[in-house]
*Asks:* 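One structure, as structure tokens, below. Some questions next.
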Amino acid sequence: MSRYNARVVEPKWQVAWNEAGVFQAKRDTGREKYYVLEMFPYPSGRIHMGHVRNYTMGDVIARYKSATGFNVLHPMGWDAFGMPAENAAMASGGHPREWTYQNIADMRGQMKPLGLSIDWSREFATCDPEYYGQQQALFIDMLDAGLIYRKNAVVNWDPVDMTVLANEQVEQGRGWRSGALVERRELTQWFFRISDFAEELLAALDTLENWPEKVRLMQANWIGKSRGLEFAFERADKGEAINVYTTRPDTLMGASFVGISPDHPLARELERTNPDLAAFNIEARKGGTTEEAIETAEKLGFDTGLKVKHPLNADWELPVWVANFILMDYGTGAIFGCPAHDQRDLDFCRKYDLPVIDTFLALENPHPVEAEAFVPPKTDKVRWLDHFAGLDIATGQEAIDKTIRFAEKHGWGKGVTKYRLRDWGLSRQRYWGCPIPVVHCDSCGVVAEDKANLPVRLPDDVTFDRPGNPLDRHPSWRDAACPKCGKAAKRETDTMDTFVDSSWYFARFTAPHADTPTVLADAEYWMNVDQYIGGVEHAILHLLYARFFARAMNLTGHLPKSAVEPFSALFTQGMVTHETYATRGKDGRPVWRSPDEVIMDEKGATLRNTGETVEVGPIIKMSKSKKNVVDPEDIIDQYGADTARWFVMSDSPPERDVEWTASGAEAAWKHLQRIWRMAVEIEADNTPPNDADMELTRATHRTIADVTSGIEGFAFNKSVARLYEFTNVLAKSNAGAAAKKAAMLAMAQLLQPMVPHLAEEVWQHLGGKGLVAQAPWPRTDPTMLIDDNVTLPIQVNGKRRTEISVPRDMPKAEIEKLVLADEAVLKYLGGGQPKKLIVVPGRIVNVVT
RNA sequence: GCGGGCGUGAUGGAAUGGUAGACAUACCAGACUUAAAAUCUGUUGGGCCCUGUGCCCGUGUGGGUUCGACUCCCACCGCCCGCACCA
């Protein structure tokens with residue numbers, strides 16, 4: 001019997017597809033298009049199982065849609081700028097460009113054997129000058145359109161390395177390389193006006209019906225629309241009033257202090273004359289810039305000694321504190337604290353011995369606040385104590401609304417809508433990114449580069465042996481002529497956030513080599529992305545930025561209005577996980593071991609070489625640092641691409657994590673071998689037609705229907721399970737050779753999206769016409785899906801006791817008669833009559849006694 | 001800290017208001033073999049009486065809605081992800 005040899009078969013079909021140009025996408029307005037896109041990879045140098053899973057999912061969709069008649073676009077590129085290339089250059093002295101392009105070549109070499117239906121003619125990397133030059137053109141157009149501006153923003157500053165750190169380079173408040181305590185420092189940086197689009201980005205979420213609900217919810221929370229009251233506390237010392245914004249103005253009578261950010265103008269003014277406050281602020285500005293770092297840091301305050309007057313009672317004075325947990329970026333950078341109804345404020349007041357005043361109590365079990373703040377949902381009714389707006393019993397929301405109206409009527413405050421969403425800072429003080437195409441001219445100020453001079457290329461002759469940005473210290477790169485006055489000027493040395501690169505690559509794929517950012521005819525035909533697939537870790541930032549960018553590109557004439565929501569459907573897939581293995585080093589710390597170093601047997605896990613005992617750790621995302629990785633290249637070498645593809649589609653639902661196991665990979669391989677053996681047997685079979693044919697034909701149609709709905713519903717694991725079932729049915733069937741052959745051909749078509757090489761081989765072996773990759777998707781005959789008889793389970797009081805088989809269209813009354821005559825039912829009724837008899841036609845019967 | 005998600009046999013999971021455990025892994029038993037591998041067949045949620053086509057328990061925990069709950073609601077526990085300069 002011929003064994004299926006993936007190593008020979010897979011390259012053969014890849015060549016065949018290539019020669020037939022099966023996956024080349026061509027604009028054809030006569031055909032309906034379908035654009036499938038997986039989030040493009042960062043070229044780290046090796047593909048991992050997460051990539052295999054991600055791209056196989058996209059490939060299944062692409063191949064399926066193609067089989068159902070769509071003109072499919074399925075491109076691939078590289079998100080190629082970013083810090084790892086610079087880190088590698090610093091660590092080993094190479095050049096980020098060479099490192100990146102070598103990695104791309106390596107990864108492309110690993111991806112091609114997967115047999116993905118990708119149109120490789122559209123491939124590009126974001127670090128190609130051809131790409132980033134067009135990105136610079138977009139920047140200039142957006143700058144002209146007023147979508148970009150400059151302002152100061154806070155960065156992580158490493159005082160020893162004298163460099164800006166990314167959040168991930170800050171470890172426990174210290175620089176990862178120098179170990180120095182990180183400070184927050186302000187720099188002038190470029191920003192996209194994404195917050196101007198907050199309302200639209202929020203409202204349009206409702207139109208994204210084919211996005212996961214959780215992603216829409218996360219984005220809505222991120223945008224963070226709130227309605228609140230803005231008002232001022234007058235200073236007792238007649239200084240400039242302090243503006244505050246609050247979403248809970250109804251708790252104003254419970255205020256016990258006013259808090260301002262260490263970066264608030266008042267705090268900055270006071271620290272000039274108050275060394276203790278200056279010291280407090282310096283301390284407060286230490287630590288990372290992440291929201292998490294700020295929120296989890298110990299809550300500290302400094303009493304400025306200043307007093308403000310309560311807006312409703314001029315005799316009531318509140319102290320002004322500087323507090324390290326108040327962010328200058330939110331609202332006005334100043335708050336009032338109401339400890340009774342906010343846990344953080346309560347902790348703060350207990351710590352600094354400030355009063356706690358209840359403003360409302362629960363209707364049931366009313367008691368004053370002690371250790372825990374009383375924070376009921378805004379929709380709960382509560383009893384108000386001495387409320388200025390004349391409330392007795394009302395919900396928090398009613399009280400908020402009434403308070404805002406009250407404040408507006410009396411002229412001391414006004415209702416405002418605010419968004420948590422901040423403008424998107426795009427400046428990065430790094431080399432390996434898209435240069436921001438502006439020059440700084442002594443006479444003209446900040447001037448955009450002439451589009452004719454694009455791309456502003458990164459210089460190649462740079463070194464990474466010293467800290468800081470190599471562009472800053474390059475001898476000549478900064479020198480430029482001012483595009484406005486022609487005098488000598490200096491280039492901007494900041495580059496763009498890599499999120500900019502990934503905010504429009506999907507549009508570029510529609511015309512990847514055009515000398516404008518996009519070509520409208522192509523964008524109009526191919527956009528939007530019909531199915532976007534990627535990790536849920538991109539649920540907020542990348543997807544929100546891309547949605548903003550599509551709008552900005554529309555406003556600057558680079559995308560049609562119809563493409564402002566660029567991703568019609570989104571799917572977020574889970575991660576690929578693996579057990580972790582570790583031995584103990586001399587210092588007792590774990591030494592991580594890769595799966596191929598470990599042998600598992602009945603004695604447990606041991607090291608292959610030394611026999612040392614290995615601790616089996618938790619199942620977590622495959623990562624280099626924990627060494628729990630399985631290299632797809634090894635799997636492809638050993639079993640072939642189809643096995644890897646089949647495994648990652650099996651078992652786990654695509655949105656959930658999947659655990660890679662050696663036994664699972666082995667099982668996938670065995671199954672594919674089994675299918676090949678069956679195909680060979682069936683080809684040689686000559687059993688005449690017989691009574692078993694109809695049953696097999698019905699099973700075939702049932703399988704076509706189920707596999708199709710599995711793919712349509714992004715439940716590939718269910719499609720796989722149905723194909724396993726169908727294999728078992730076919731193996732046991734006594735049907736004639738013709739019926740079996742038809743069943744096997746249908747199997748090949750159904751397998752094609754998932755294991756395309758095996759499918760081609762089976763298809764060819766059984767005399768299928770042309771390539772199965774180009775064969776139309778099999779159709780189901782609806783009459784084949786309906787069984788004449790159905791099995792009705794019968795429950796007594798909700799517990800299944802027996803079942804009956806009835807014709808599917810039997811009337812309810814007759815079913816009832818049958819049920820009441822049933823022996824088992826009579827036993828449970830014990831001679832009595834049922835209280836109730838529920839018949840759900842075609843599904844179930846429940847007898848209630 | 002804030003926001004989001006997940007929780008079902010030994011394991012991955014199926015069932016999304018109607019027979020809990022499809023399909024697969026693992027284990028065990030059998031066939032084939034001198035033997036092993038491969039392949040094929042069968043069993044397997046737990047417990048009880050193993051006497052049947054029998055009974056009880058069972059979807060993280062506790063409560064609720066319903067004729068009926070893995071599924072819907074409330075509270076709690078555990079784990080995972082994101083938090084604006086990682087990509």
Side-chain angles (χ1 to χ4, degrees), chain A residues 39-42 44 79 81-84 87 153 155-156 164-170 189 194 212-215 217-218 220-222 224 289-297 299 325 329 343-344 420-430 497-499 501-502 535-542 544-545 572 574-575 577 618 620-621 650-653 655-659 661 663-664 666-668 670-671 673-674 677 715 717-718 720-725 727-728 731 791-803 823-824 834-838 840 843-849:
Chain A
M39 291 179 186
F40 66 164
Y42 179 79
S44 60
D79 191 11
F81 274 135
M83 293 205 311
N87 293 338
V155 295
N156 297 309
V164 175
L165 296 178
N167 284 333
E168 69 158 14
Q169 295 175 318
V170 179
Q189 310 206 50
I194 189 174
E213 188 60 39
K214 63 174 176 180
V215 174
L217 195 60
M218 280 194 243
N221 287 331
W222 188 259
T289 58
T290 68
E291 197 175 315
E292 185 193 4
I294 292 161
E295 289 289 323
T296 51
K299 308 293 182 285
F325 57 85
D329 289 326
Q343 191 61 47
R344 187 174 62 185
R420 203 182 78 101
L421 180 65
R422 314 200 293 254
D423 278 336
W424 168 16
L426 68 115
S427 300
R428 297 292 181 269
Q429 295 70 41
R430 305 187 199 291
D497 179 7
T498 56
F499 272 123
D501 312 336
S502 56
V536 72
E537 65 271 23
H538 296 290
I540 296 174
L541 292 181
H542 162 58
L544 193 62
Y545 290 158
T572 54
M575 298 174 302
T577 61
I620 55 171
K621 178 180 179 175
S650 306
D651 293 346
S652 285
E655 68 277 12
R656 244 193 271 179
D657 293 351
V658 62
E659 188 198 350
T661 58
S663 60
E666 179 83 17
K670 280 183 190 173
H671 182 71
Q673 289 289 339
R674 185 182 181 207
R677 279 197 310 274
N717 57 320
K718 292 187 212 170
V720 167
R722 293 291 84 81
L723 285 164
Y724 268 113
E725 252 173 3
T727 309
N728 291 337
T791 302
L792 279 186
I794 297 175
Q795 298 179 329
V796 179
N797 293 328
K799 278 187 203 289
R800 183 193 165 280
R801 296 300 179 183
T802 186
E803 63 186 32
E823 216 174 293
K835 276 202 195 114
K836 208 168 176 184
L837 190 57
I838 292 146
V840 185
R843 300 231 68 157
I844 205 164
V845 178
N846 194 8
V847 184
V848 186
T849 61

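Reckoned from all heavy atoms, side chains included, excluding hydrogens, waters and symmetry mates. In the text below, chain A, chain B and the rest are named by the order of the sequence lines, each starting its count at 1.
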*Asks:* Mind checking the C1' distance from B:G68 to B:U16? Whole angstroms is fine.
*Replies:*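 It comes out at 15 Å once rounded to the nearest Å.
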*Asks:* Answer with base, sugar-phosphate or nothing: what part of the nucleic acid does A:Gly425 contact at a heavy-atom distance below 4.0 Å?
*Replies:*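 The residue A:Gly425 makes sugar-phosphate contact but no base contact.
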*Asks:* Have a look at A:Phe499 and say if it touches a base, only the backbone sugar-phosphate, or nothing, with a 4.0 Å heavy-atom cut-off.
*Replies:*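 Base contact.
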*Asks:* Counting the atoms with a prime plus P, OP1 and OP2 as sugar-phosphate, which does A:Gln189 contact under 4.0 Å by heavy atoms, base, sugar-phosphate, or nothing?
*Replies:*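 Base: the residue A:Gln189, judged by heavy atoms under 4.0 Å, touches a nucleobase.
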*Asks:* Using a heavy-atom cut-off of under 4.0 Å over every strand shown, decide if A:Lys718 touches base, sugar-phosphate, or nothing.
*Replies:*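 Sugar-phosphate contact only - A:Lys718 comes under 4.0 Å of backbone atoms but never of a base.
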*Asks:* Which nucleotide, in any strand shown, forms a Watson-Crick or G-U wobble pair with B:C76, with both distances under 3.5 Å?
*Replies:*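 Pairing partner, where one exists within any strand: B:G60.
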*Asks:* So, is A:Asn167 close to the B:A84 phosphate, meaning a side-chain N or O under 4.0 Å from OP1 or OP2?
*Replies:*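 So the side chain of A:Asn167 is within the cut-off, an N or O lying under 4.0 Å from OP1 or OP2 of B:A84.
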*Asks:* Under 4.0 angstrom, heavy atoms only, what part of the nucleic acid is A:Gln429 near: base, sugar-phosphate, or nothing?
*Replies:*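 The residue A:Gln429 makes base contact.
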*Asks:* Parallel, tilted or perpendicular: which describes the rings of A:Phe499 and A:Tyr545, with under 30° parallel and over 60° perpendicular?
*Replies:*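 Perpendicular.
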*Asks:* Should A:Asn717 be listed as having a side-chain N or O under 4.0 Å from OP1 or OP2 of B:A14?
*Replies:*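 It does, given that an N or O in the side chain of A:Asn717 lies less than 4.0 Å from OP1 or OP2 of B:A14.
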*Asks:* For B:U34 versus B:G47, give the span between their C1' atoms, rounded off to a whole number of Å.
*Replies:*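 To the nearest whole Å, 44 Å.
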*Asks:* Give one of base, sugar-phosphate or nothing for A:Ser650, where a contact means two heavy atoms less than 4.0 Å apart.
*Replies:*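 The residue A:Ser650 makes no contact with any strand.
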*Asks:* Could you check whether A:Trp424 gets within reach of a base, just the sugar-phosphate, or nothing at all, counting any heavy atom under 4.0 Å?
*Replies:*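 If one applies the 4.0 Å heavy-atom cut-off, A:Trp424 turns out to touch nothing in the nucleic acid.
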*Asks:* Have a look at A:Ala539 and say if it touches a base, only the backbone sugar-phosphate, or nothing, with a 4.0 Å heavy-atom cut-off.
*Replies:*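 No contact.
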*Asks:* For atom P, what is the distance between B:A26 and B:U11, given to the nearest Å?
*Replies:*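 Approximately 15 Å lies between the P atom of B:A26 and that of B:U11.
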*Asks:* For a quick check of understanding: with a heavy-atom distance under 4.0 Å over all strands, which category does A:Arg722 fall into, base, sugar-phosphate or nothing?
*Replies:*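 Counting heavy atoms under 4.0 Å across all strands, the contact made by A:Arg722 includes a base.
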*Asks:* Compare side-chain N and O positions of A:Lys799 against OP1 and OP2 of B:C57 and report whether any pair is under 4.0 Å apart.
*Replies:*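 Yes, because at least one side-chain N or O of A:Lys799 sits under 4.0 Å from OP1 or OP2 of B:C57.
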*Asks:* For B:A84, does OP1 or OP2 lie under 4.0 Å from any side-chain N or O of A:Arg422?
*Replies:*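 No.
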*Asks:* Rounded to the nearest angstrom, tell me the gap between atom CG in A:Leu426 and atom P in B:C86.
*Replies:*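 These atoms are roughly 14 Å apart.
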*Asks:* When the distance from NE2 of A:His538 to P of B:G3 is rounded to whole Å, what number comes out?
*Replies:*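 After rounding, the gap between these two atoms is 24 Å.
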*Asks:* With a non-hydrogen cut-off below 4.0 angstrom, is A:Pro41 in contact with a base, only sugar-phosphate, or nothing?
*Replies:*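 It contacts nothing in the nucleic acid.
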*Asks:* Can you tell me the distance, in whole Å, between the CG atom of A:Asn728 and the P atom of B:U41?
*Replies:*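 Distance check: A:Asn728 CG to B:U41 P gives 8 Å.
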*Asks:* Tell me whether the side-chain N or O atoms of A:Asn221 pair up with the base of B:G3 as donor and acceptor below 3.5 Å, since no angle test is needed here.
*Replies:*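 No, the side chain and the base share no sub-3.5 Å donor-acceptor pair.
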*Asks:* Using whole Å, what does the distance between atom P of nucleotide B:C85 and atom CG of A:Asp423 come to?
*Replies:*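 After rounding, the gap between these two atoms is 12 Å.
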*Asks:* In whole Å, what is the span from the CD atom of A:Glu168 to the P atom of B:C86?
*Replies:*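 One finds 6 Å between P of B:C86 and CD of A:Glu168, rounded.
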*Asks:* Do any side-chain nitrogens or oxygens of A:Arg801 fall under 4.0 Å of OP1 or OP2 in B:G54?
*Replies:*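 Indeed not, no polar side-chain atom of A:Arg801 lies that close.
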*Asks:* Would you mind reading off the distance between A:Glu725 atom CD and B:G21 atom P, rounded to a whole angstrom?
*Replies:*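 Distance, rounded to whole Å: 13 Å.
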*Asks:* Would you say the side-chain atoms of A:Arg800 and A:Asn846 include a donor-acceptor pair closer than 3.5 Å?
*Replies:*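 There is no such pair (donor and acceptor under 3.5 Å, judged by atom type) between the side chains of A:Arg800 and A:Asn846.
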*Asks:* Counting only side-chain N and O atoms of A:Thr498, is one of them less than 4.0 Å from OP1 or OP2 of B:A87?
*Replies:*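 For B:A87, OP1 or OP2 has a side-chain N or O of A:Thr498 closer than 4.0 Å.
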*Asks:* Take the protein atom CG of A:Asp79 and the nucleotide atom P of B:C86, then report the distance between them rounded to whole Å.
*Replies:*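 Atom CG in A:Asp79 sits about 13 Å away from atom P in B:C86.
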*Asks:* Do the charged groups of A:Lys214 and A:Glu655 touch, with an N to O distance under 4.0 Å?
*Replies:*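 Result for this pair is no, no salt bridge flagged.
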*Asks:* Can you check the distance between B:G7 and B:U71, where both ends of the measurement are the C1' atom (answer in whole Å)?
*Replies:*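 That atom pair is separated by 14 Å.
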*Asks:* Measure from CZ on A:Arg656 to P on B:G7 and round the result to the nearest Å.
*Replies:*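 Value for this atom pair: 5 Å.
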*Asks:* Within the 4.0 Å heavy-atom criterion, would you say A:Gly664 contacts the bases, only the backbone, or no part of the nucleic acid?
*Replies:*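 No contact at all - A:Gly664 keeps every heavy atom at 4.0 Å or more from the nucleic acid.
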*Asks:* Can B:G9 be described as syn, meaning its chi torsion is within 90° of 0, or is it anti?
*Replies:*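 B:G9: syn.
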*Asks:* Just to be sure I understand the rule, does A:Ile838 reach a base, reach only the sugar-phosphate, or reach nothing, if contact means heavy atoms closer than 4.0 Å?
*Replies:*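 Base contact.
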*Asks:* With a non-hydrogen cut-off below 4.0 angstrom, is A:Thr802 in contact with a base, only sugar-phosphate, or nothing?
*Replies:*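 Contact class for A:Thr802: none.
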